Protein chains: 2
Amino acid sequence: MLDVRRLRLLRELSHRGTIAAVAEALMFTPSAVSQQLSALEREAGVALLERTGRRVALTPAGIALVGHAEAVLERLEQAAAELASARADLSGTVRIGAFPTATRTILPAALAALAREHPALEPMVDEIDPAEVAPRLRAGDLDVALVHEYDFVPTEPDLALDSLPLLEEPMYLATRDSPHAALPAPDASRGAASPAAGGGADSEAGAGDAGAPARVALVGCRDEPWIVSTPGTLCHAMTVRACQAAGFAPRVRHHIDDFGTVLAMVAIGQGVALVPELGAADPPGGVRLTSLPMRRRTRIAFRRGAGTHPAVVALTTALRAGVAPSPHGLGPAPTSPPSPTSPPAPASIPAPAPSPRP
Amino acid sequence: MLDVRRLRLLRELSHRGTIAAVAEALMFTPSAVSQQLSALEREAGVALLERTGRRVALTPAGIALVGHAEAVLERLEQAAAELASARADLSGTVRIGAFPTATRTILPAALAALAREHPALEPMVDEIDPAEVAPRLRAGDLDVALVHEYDFVPTEPDLALDSLPLLEEPMYLATRDSPHAALPAPDASRGAASPAAGGGADSEAGAGDAGAPARVALVGCRDEPWIVSTPGTLCHAMTVRACQAAGFAPRVRHHIDDFGTVLAMVAIGQGVALVPELGAADPPGGVRLTSLPMRRRTRIAFRRGAGTHPAVVALTTALRAGVAPSPHGLGPAPTSPPSPTSPPAPASIPAPAPSPRP
DNA sequence: ATCGAGCATCAGATCAGCTTAACGTTTGGG
DNA sequence: CCCAAACGTTAAGCTGATCTGATGCTCGAT
């Protein structure tokens with residue numbers, strides 16, 4: 001009988017590409033992974049890995065086997081979920097991954113509700129960029145994660161993961177708002193003073209192609225210094241891609257992840273930035289927020305098969321309850337098909353942007 | 001992650017009922033099985049076994065988990081089958097279980113063809129009663145098995161196994177055929193001299209209810225001594241049930257498994273017997289064979305998921321080729337729906353017969 | 001009441017699998 | 001062109017999981 005633990009190593013290898021990465025992800029030494037994969041090949045009787053130089057690649061048989069591994073692991077996840085449902089009290093720990101903004105805005109209320117409903121359930125939160133979520137969910141480091149996806153930043157599907165929509169929010173262009181501004185006024189300057197008041201309702205082109213109108217708003221800032229997130233994060237990719245789509249490459253001055261800090265920097269004229277509504281809940285004075293027709297969609301991701309796990313259900317319920325009745329303009333995500341085959345969670349930042357660079 | 005080896009123990013327990021039986025089947029000591037199941041319960045966090053006196057029973061959670069175990073093991077079986085397909089040469093050993101008659105009649109030709117087509121494949125044959133096939137397939141002792149099922153002997157479905165039809169043959173009542181017979185002549189005495197000549201085509205009621213006509217033929221022998229197979233075998237159950245359905249309990253004189261020997265005993269007047277056509281290919285003189293409207297269906301059984309394993313496919317092909325062009329009256333099984341969800345293989349001799357006893 | 005079947009537990013032995021350490025190879029950069 | 005970092009493999013040693021064997025208990029049958 002094929003060893004499922006070894007199949008799991010193979011699956012990780014198919015995602016990460018190198019044995020060293022698999023080892024790091026699953027907390028082993030590369031030696032152990034190498035030995036176990038060799039053993040797997042031995043019991044399979046077929047070559048699964050092709051040693052090419054200092055790198056390994058999966059053979060067709062290896063790729064096929066990964067498919068079976070995914071199926072088996074999914075079923076085991078389902079079994080674990082059913083067992084957890086059978087347990088009388090919902091106890092143990094849930095490891096939650098969340099991007100920084102979510103940790104501050106939507107998570108606290110959800111955790112409070114969770115503690116009220118299930119006192120024995122101990123949530124553990126990890127602040128983590130969505131780009132790292134997929135590997136850590138697969139590896140079992142995390143059980144649930146809040147991720148977001150932006151227009152312009154495609155998400156590649158992951159067979160091992162599943163996700164449900166949570167909310168959708170508009171994006172804003174943050175510029176300095178001073179009467180004697182040296183900044184060129186953005187053309188589409190209908191900017192609301194605070195999105196918390198006006199809400200997301202004033203974003204004109206709700207769902208259509210976000211390219212053209214966004215370009216109009218952005219090109220006015222093509223010569224401004226930009227404040228973006230740390231390279232490697234999804235938010236960094238988002239800003240760069242949006243600018244590329246508008247036809248220019250942003251001149252980056254600062255790398256700052258926290259949107260509160262970003263807005264403070266904008267207020268003192270250190271640059272412009274793109275911020276999502278949740279990151280601009282309480283903007284400092286002197287910042288003009290221009291609603292863009294780009295949106296950010298936040299989803300709840302988990303391992304495929306774990307969607308019925310009571311802890312996941314409880315957290316999902318708590319998160320939705322915390323989002324739905326909110327007076328904020330950001331509505332809950334349109335109750336889109338909550339099918340289990342809905343677009344999976346994002347993995348990592350892929351492929352270069354298709355737009356040309358001047 | 002749930003340990004699949006332990007899940008396999010749980011599945012076996014659900015079939016066999018006692019830890020001791022599981023241990024014997026999987027070549028462990030009861031101690032090891034007990035420890036592993038305890039460990040499984042610990043990692044499940046729920047009670048899976050209910051210790052009731054000196055016996056264990058599965059809890060609802062345990063039963064549910066068995067369902068997942070079946071699914072996981074089936075998928076692993078599929079994976080193994082696909083890997084074997086990817087292997088260039090079909091080599092290794094196939095362990096085949098077959099009932100004695102099949103071992104002598106249909107298996108040799110198939111093994112010869114198999115050796116011709118796949119010289120590197122080494123078949124190992126175990127002569128075994130169909131009643132024991134299911135456990136041994138599940139345990140991995142066997143890879144493929146020839147089993148048969150009789151009218152009157154219901155087969156209980158087994159989620160872990162799958163099967164394909166191979167052939168169908170009529171049953172005969174064997175009685176002494178002497179001019180000055182002290183035996184009462186069977187009413188439906190149209191007996192062909194040799195079934196190999198007349199074939200199964202002269203059995204009147206092909207598929208209909210076999211009860212009534214069979215009763216007519218059998219009741220004439222209600223006072224004869226009977227020769228039946230060893231208790232515990234499927235063939236034993238078949239004769240007893242058929243007689244019960246005809247309204248009497250057979251007076252058993254001999255327990256003999258080999259149908260050739262049975263017919264020899266019939267020829268010298270030691271009793272009467274029910275024999276399938278394959279068991280009566282070359283009957284000795286002095287035996288009258290009366291065709292009955294009962295049929296025996298032979299199937300090829302294997303673990304669910306292994307249906308695409310090249311070794312299984314090769315053996316199935318060889319068996320079918322050996323049966324189809326045969327000049328014998330016994331046709332190949334009517335090409336009934338070869339769906340993978342066709343009636344699974346027989347397990348063991350179940351439930352008492354519904355017919356009353358005088 | 002006694003016996004045997006079945007299961008749990010404990011101590012000891014065995015073996016699979018992990019880590020450390022050392023080595024060969026490849027590849028990208030200076 | 002050369003070097004250093006990255007990657008994978010192998011050998012040796014160790015640890016923990018798991019199996020065996022012995023013991024004790026409970027229950028049902030003779």
Side-chain angles (χ1 to χ4, degrees), chain A residues 1-59 61-62 66 69 76 135 139-141 232 348, chain B residues 1-59 61-63 66 69 76 135 139-141 232:
Chain A
M1 198 179 50
L2 291 165
D3 187 329
V4 175
R5 294 180 61 238
R6 291 171 178 160
L7 290 179
R8 197 162 85 108
L9 295 180
L10 191 72
R11 180 188 67 166
E12 281 310 304
L13 183 63
S14 87
H15 281 287
R16 297 178 197 260
T18 77
I19 289 184
V22 174
E24 191 194 9
L26 302 190
M27 314 262 277
F28 287 129
T29 60
S31 174
V33 176
S34 175
Q35 288 177 48
Q36 291 303 309
L37 287 176
S38 296
L40 183 62
E41 278 190 291
R42 207 177 323 119
E43 67 181 333
V46 198
L48 302 174
L49 278 60
E50 208 166 354
R51 276 80 175 175
T52 159
R54 71 176 180 189
R55 183 161 251 95
V56 290
L58 290 182
T59 64
V66 167
L76 287 175
D141 280 348
S348 50
Chain B
M1 196 180 51
L2 290 165
D3 187 328
V4 176
R5 294 180 61 238
R6 291 170 178 161
L7 290 179
R8 198 162 85 109
L9 295 180
L10 190 71
R11 181 189 66 166
E12 281 309 304
L13 183 63
S14 87
H15 281 287
R16 305 181 126 96
T18 77
I19 288 183
V22 173
E24 191 193 6
L26 301 190
M27 312 263 278
F28 286 128
T29 59
S31 174
V33 176
S34 175
Q35 287 177 52
Q36 290 304 311
L37 287 176
S38 296
L40 183 62
E41 278 191 290
R42 209 177 320 120
E43 68 182 331
V46 198
L48 302 174
L49 278 61
E50 207 166 356
R51 276 79 174 175
T52 157
R54 68 177 180 188
R55 184 162 250 94
V56 290
L58 290 182
T59 64
I63 293 171
V66 167
L76 287 176
D141 280 346

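Every value quoted in this text rests on a predicted model; they were computed, and no experiment measured them. Sequence lines set the chain letters: A, B, ... in the order given, protein chains first and strands last, and positions in each chain run from 1.
With E12(A) as reference, R16(A) is the one residue of R16(A), R8(A), H15(A) to meet the side-chain hydrogen bond (donor to acceptor under 3.5 Å, both in side chains) rule. Of the candidates D3(A), L10(A), L49(A), L9(A), L10(A) is the only one forming a side chain to side chain contact (heavy atoms under 4.5 Å, CB included) with L40(A).
Going from atom CG of L37(A) over to atom P of dC18(C) covers 11 Å, rounded to whole Å. Distance R42(B) CZ to dA17(D) C1': 11 Å, rounded to the nearest Å. Rounded to whole Å, atom C1' of dG17(C) lies 15 Å from atom CG of L40(A). Distance CZ (R16(B)) to P (dC7(C)): 13 Å, rounded to an integer number of Å. In this structure, the CD1 atom of I19(B) is 10 Å from the P atom of dT9(C), given to the nearest Å. Following rounding to the nearest Å, L49(B) (CG) and dC7(C) (P) show an atom-to-atom distance of 9 Å. The nearest whole Å value for the distance from the CZ atom in F28(B) to the C1' atom in dG6(C) is 19 Å. Residue E24(A) contributes atom CD, which lies 16 Å from atom C1' of dG8(D) at whole-angstrom precision.
At least one side-chain nitrogen or oxygen of R5(B) sits closer than 4.0 Å to the OP1 or OP2 atom of dC19(D). Side-chain N/O atoms of T29(A) include one lying less than 4.0 angstrom from OP1 or OP2 on dT19(C). Listed pair R6(B) / dT18(D) meets the phosphate criterion, a side-chain N or O lying under 4.0 Å from OP1 or OP2.
Of the two residues near DNA chain D, V33(B) and S38(A), the one whose nearest nucleotide lies more 5' is S38(A). Projected onto DNA chain C by closest heavy-atom contact, V56(B) and R55(A) fall at different nucleotides, the more 5' of which corresponds to V56(B).
Under the 4.0 Å criterion applied to side-chain N and carboxylate O atoms, R6(B) and E43(B) are assigned as salt-bridge partners.
With distances taken from any side-chain atom of A32(A) to the nucleotides dT19(C), dT27(C), dC7(C), the minimum falls on dT19(C). Taking every side-chain heavy atom of R54(A) into account, dT25(C) is the closest of dT25(C), dA8(C), dT9(D). Of the candidate nucleotides dA8(C), dA12(D), dG21(D), dA12(D) has the atom nearest to the side chain of Q35(A). For S34(A), counting side-chain heavy atoms from C-beta on, the closest listed nucleotide (dC19(D), dT10(D), dG17(C)) is dT10(D).
You'll find a donor-acceptor pair under 3.5 Å spanning the side chain of S31(B) and the base of dG21(D), going by distance alone.
Under the 3.5 Å distance criterion, the side-chain polar atoms of T59(B) are matched with a main-chain donor or acceptor of A47(B). Checking side-chain atoms of S34(A) against main-chain N and O of P30(A) turns up no donor-acceptor pair under 3.5 Å.
As judged by a 4.0 angstrom heavy-atom cut-off over every strand, T18(A) is placed among residues touching the sugar-phosphate backbone only.
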